[in-house]
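Just follow the structure's listing: the first ligand is 1, and inside any ligand the first atom is 1.
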Amino acid sequence: MEVKTVKPSARLQKLFDNLLAQLRQFIRDNQINHDEYRSAVAFLLETAASGELTLLSDVLLEATVDQVDSMGRVGTATSVEGPFYLPDSPMLTSPAVLPHRANEPGEKLFLSGTVKAPDGTPLAGAIIDIWQADAEGNYSHFNVPAADAPFNLRARVSADRSGAYEIQTWLPAAYQIPKDGPTGAILKATGRHPWRPAHVHFRISHPGFSTLTTQLFVAGDPWIDSDVVGAVKQPLIVNFERHTDPAEIKARGLDQPFRTARYDFILPTAEARKAA
Ligand code: DHB
Ligand code: FE
C-alpha cells in the first residue's frame with residue numbers, strides 16, 4: 001500500500017512525539033482502563049466507517065486550528081471551512097443569482113459589498129466562492145440529493161471591475177450537524193447541543209493575495225453564543241436586515257419580505273501573510 005499522508009520530517013517527528021506524550025499523560029491522569037481504551041478505538045472505527053471522520057474532526061478541532069493559523073493575519077477575520085465545501089461550483093459574474101430550485105424555500109437575501117486590499121484598493125474580478133445551507137438547514141450534495149439540484153446555493157462569483165459584488169440567494173437557517181451518527185452521539189452523551197447559528201460560507205481569492213476562508217453569521221440567531229463548532233467571531237456577525245415595507249418589496253419586484261446584508265472583505269497580500 002502506498003501511504004500518501006506520511007512524509008518524514010523533523011516537524012512531523014516533533015509533533016508526533018509531543019502528541020504521544022500528551023495522550024499517554026491523559027491515560028495516566030484519568031486512569032484509563034482496557035475497556036475504556038477499546039471503546040475509544042471502537043468509536044474511532046465507527047466514526048470512520050460511517051464517513052464522519054472529517055465531520056468529527058472539524059466540529060471538535062478546526063476552530064482551534066483557525067485561531068492559531070490566523071494569528072497576526074491582517075484583513076477580514078477568518079473562520080473554519082467546515083466539511084461541506086465543494087470545489088468546482090458554477091462560475092458566475094456579479095450581479096449573480098445562486099443556483100437554486102424552482103421552489104427554493106425561504107426569504108430572498110441580497111448580499112453585497114466590495115473585496116479590497118488592506119490599503120483599500122478594490123480587487124477587480126476577485127473570486128467569491130460561496131456556499132451555504134438552505135432555509136431548511138440543508139447543504140446541497142450532503143443533505144440535499146445532487147439529482148435534485150446540483151450545486152444548490154453554491155457558486156464562484158467574480159466581482160466587477162471595482163471589486164464590488166452583488167449576490168442574490170436565500171437566507172440560510174440555523175444548522176444542526178448530523179445527529180444520527182457517531183458525531184451526534186458523542187455530543188449528546190456529553191451534554192452538547194448540535195446547533196450552528198445560521199451562516200454563509202466564503203472563500204475569497206485574488207492573484208497576489210492570501211485566500212480568505214470565512215463565514216458571515218446572522219445577528220440575533222439563538223445559537224450565536226453557543227456554536228457547537230466554536231467558529232463565531234464578533235466581526236463576522238452581520239445584520240441581515242429584514243425588509244417588510246410593501247413599497248420596498250414591490251420596488252425589488254418581489255411579493256414577500258426579503259433580507260439584505262452588506263460586507264466588505266479585505267484580503268491580506270500574499271507577502272503580509274508570509275511575514276506574519
Ligand atoms: C462544521 C462547519 C460548518 O460550517 C457546518 O455547517 C457544519 C459543521 C464544522 O466545522 O464541523
Ligand atoms: Fe456551514
Revision key, fill the gap. From the list Y139, W131, F151, ring pair (Phe, Tyr, Trp, His ring centres under 6.0 Å) partner of Y85 resolves to W131
Review point. So, K233 and D66, do they make that salt bridge, N to O below 4.0 Å?
Key: yes
Check your understanding: Backbone, side chain, both or neither: what part of V229 comes under 4.0 angstrom of ligand 1, heavy atoms only?
Key -> side chain
Exercise for review: Would you please classify the geometry between the H199 ring and the H201 ring as parallel, tilted or perpendicular, with 30° and 60° separating the classes?
Suggested key: perpendicular
Check your understanding: If you draw the axis of the six-membered ring of F110, does the NZ or CZ of R252 fall within 45° of it and under 6.0 Å from the ring centre?
Key -> yes
**Study point:** E81 and ligand 1 - part of the residue with a heavy-atom distance under 4.0 Å
**Key:** neither
Review point. Which atoms of ligand 1 are found less than 4.0 Å from any heavy atom of I177?
Key: 7 (C), 8 (C)
Check your understanding: Nearest protein heavy-atom contact for atom 1 (C) of ligand 1: which residue, which atom, what distance?
Key -> P83 CD, 3.3 Å
Check your understanding: Is the shortest N/O to N/O distance between Y175 and ligand 1 below 3.5 Å?
Key -> no
Study note, to complete from the structure: ligand 1 atoms nearer than 4.0 angstrom to some heavy atom of Y139 are 4 (O), 6 (O)
Practice item. Please state whether the separation between the Fe ion (ligand 2) and some N/O/S atom of Y139 is under 2.8 Å? Key: yes
Check your understanding: How close does the nearest protein non-hydrogen atom get to atom 5 (C) of ligand 1, and which residue and atom is it?
Key -> R196 CD, 3.5 Å
Practice item. Starting at CZ of R156, measure out to CZ of R203 and round the result to the nearest 0.5 Å. Key: 10.0 Å
Point to revise | Donor + acceptor pair across side chains of K14, S9 (<3.5 Å) | key: no
Review point. Once you round to the nearest 0.5 Å, how far does CG of L123 lie from OG of S162?
Key: 11.0 Å
Review point. Within the structure, does G82 bring an N/O atom to less than 3.5 angstrom of an N/O atom in ligand 1?
Key: no
